[in-house]
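Some notes on the structure that comes next.
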Amino acid sequence: MEISRGPLSVDPGMTLTDAAYRTLHRDIITGVRSPNERLRIERLSRLYEVGPTPLREALQRLAADGLVIATGNRGFSVAPLEAAEFEDLNTARTVIEVQMLRMAIEKGDSVWESQLVGAAYRLAKLDVVLKTGDHDALSDWEVANSDFHLATVSACGSTWLLHVRQLLHNQCDRYRRASVDLKRGERDLAGEHRDIAEAVLDRNADRAAHLVAAHFRLTTEFLLQELSAQSE
């Protein structure tokens with residue numbers, strides 16, 4: 001059975017290529033389009049109800065993002081999930097995140113602080129819900145988790161760093177969402193996020209950097225266990 005979230009939703013001022021890119025990007029990140037899946041233009045055109053030219057242009061953009069592999073005359077496929085790549089991604093993500101965090105703590109103003117407090121509050125509520133085993137809340141939690149971590153670094157003052165960070169986080173999100181059991185019950189996520197928020201708001205850059213690096217490392221360890229188990 002072929003799965004899709006099509007047809008495309010085209011916002012005002014958005015081209016068909018933009019809409020195709022956004023939809024395919026979402027479907028790759030969330031696992032609707034599986035790792036290693038061949039992305040045949042004719043089939044995608046039918047699934048998403050859009051012509052081949054916007055699809056081809058969108059796939060080329062996704063290849064530049066590293067989410068799609070372009071194989072010459074063989075066309076396109078979803079990038080695979082590999083343990084070594086994920087370790088490398090997490091190393092790069094951690095370096096970028098820690099540097100941006102230090103910059104944000106140095107430059108952030110009261111508006112930034114208030115936005116971080118709001119993001120932390122929303123995430124704390126969903127951390128509690130997810131702890132109960134309510135997996136229906138997972139999508140809401142993913143959004144709140146992403147918003148919280150972005151809020152911690154949003155005052156860094158560098159558009160390019162924010163762009164590179166988003167590319168790395170998109171790649172890491174694929175791995176997290178691809179796992180069947182994220183072992184959230186074995187972690188005190190609410191405590192981890194609370195400690196990070198407090199350190200950032202206290203302007204304690206060293207402690208905040210240590211906590212974020214440990215937070216990412218623990219996520220990586222759990223996901224590498226999942227990938228190893230899936231390969232056996």
Side-chain angles (χ1 to χ4, degrees), residues 29-31 81 83 85-105 108 112-156 162 165-166 168-232:
I29 294 294
T30 58
L81 297 180
E85 183 195 39
F86 182 61
E87 288 187 277
D88 189 24
L89 279 170
N90 191 66
T91 297
R93 176 177 71 152
T94 301
V95 170
I96 292 289
E97 193 84 4
V98 166
Q99 180 59 37
M100 293 176 69
L101 189 61
R102 291 183 180 277
M103 294 167 66
I105 288 172
W112 167 69
E113 288 184 350
S114 66
Q115 291 172 342
L116 175 55
V117 169
Y121 175 76
R122 289 190 295 274
L123 180 57
K125 294 183 69 174
L126 286 165
D127 278 338
V128 172
V129 173
L130 208 61
K131 187 77 172 180
T132 67
D134 182 3
H135 291 285
D136 290 337
L138 181 58
S139 293
D140 291 338
W141 182 91
E142 292 282 0
V143 173
N145 182 60
S146 178
D147 288 347
F148 168 73
H149 285 290
L150 176 59
T152 64
V153 301
S154 60
C156 71
L162 286 166
R165 176 191 179 274
Q166 190 59 53
L168 291 169
H169 275 256
N170 285 344
Q171 289 283 0
C172 289
D173 279 350
R174 289 185 69 219
Y175 285 86
R176 183 170 63 243
R177 291 170 184 258
S179 296
V180 176
D181 179 11
L182 300 183
K183 301 186 179 181
R184 298 191 192 281
E186 299 180 19
R187 296 177 64 178
D188 180 16
L189 281 171
E192 291 177 36
H193 291 139
R194 182 179 60 251
D195 289 346
I196 291 170
E198 288 177 355
V200 174
L201 291 169
D202 288 343
R203 306 288 177 141
N204 190 333
D206 288 341
R207 177 167 170 73
H210 171 76
L211 290 170
V212 166
H215 180 68
F216 286 175
R217 183 169 60 251
L218 193 53
T219 299
T220 302
E221 290 172 358
F222 282 154
L223 291 177
L224 290 176
Q225 291 173 15
E226 285 292 323
L227 288 173
S228 177
Q230 291 171 15
S231 66
E232 292 178 355

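Position 1 is the first residue of the sequence; numbering continues from there.
Here F86 contributes atom CZ and T219 contributes atom OG1; the two are 7.5 Å apart, rounded to the nearest 0.5 Å. Taking CZ of F148 as the start and CH2 of W141 as the end, the distance is 11.0 Å to the nearest 0.5 Å. One finds the OG1 atom of T30 at 10.0 Å from the CD atom of E142 (value rounded to the nearest 0.5 Å). Between atom CG of residue L150 and atom CZ of residue R165 there is a gap of 5.0 Å, rounded to the nearest 0.5 Å.
The residues R102 and D206 are annotated as salt-bridged, a charged nitrogen and a carboxylate oxygen being separated by less than 4.0 angstrom.
Using the six-membered ring where Trp is involved, H193 and H215 have ring planes that are perpendicular, over 60° apart on the 30 and 60° scheme.
Heavy atoms only, all atoms of each residue included: A190 and D127 are closest at CA-OD2, 3.4 Å. The heavy-atom pair separating V200 from A208 by the smallest distance is CG2-CB, 3.9 Å. Here the shortest heavy-atom pairing between D195 and L211 reads O-CD1, 3.5 Å. Residues A104 and T152 approach most closely at CB-O, 3.4 Å, considering heavy atoms. For C156 against M103, the heavy-atom pair with the smallest separation is O-CE, 3.3 Å.
With sequence neighbours excluded, the residues satisfying side chain to side chain contact (heavy atoms under 4.5 Å, CB included) with A151 are L116, A119.
At least one donor-acceptor pair closer than 3.5 Å links the side chain of R203 to the backbone N or O of I105.
Taking the six-membered ring wherever Trp is involved, the centroid distance between the rings of H149 and F216 falls below 6.0 Å.
Using a 4.5 Å cut-off on side-chain heavy atoms (C-beta onward), H169 and E97 make contact. Residues L123 and D147 are not in side-chain contact: their nearest non-hydrogen atoms beyond the backbone lie 4.5 Å or more apart. For the pair R217 and T94, the minimum side-chain heavy-atom distance is 4.5 Å or more. Residues T220 and Y175 fail the side-chain proximity criterion, which asks for heavy atoms closer than 4.5 Å. With contacts defined as side-chain heavy-atom distances shorter than 4.5 Å, the pair L162/M100 qualifies. No side-chain heavy atom of R122 sits under 4.5 Å from any side-chain heavy atom of L126.
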Check your understanding: Please walk me through it: do E192 and L218 pass side chain to side chain contact (heavy atoms under 4.5 Å, CB included)?
Key -> CA-CA 11 Å; E192 291 177 36; L218 193 53; 3.7 Å; yes
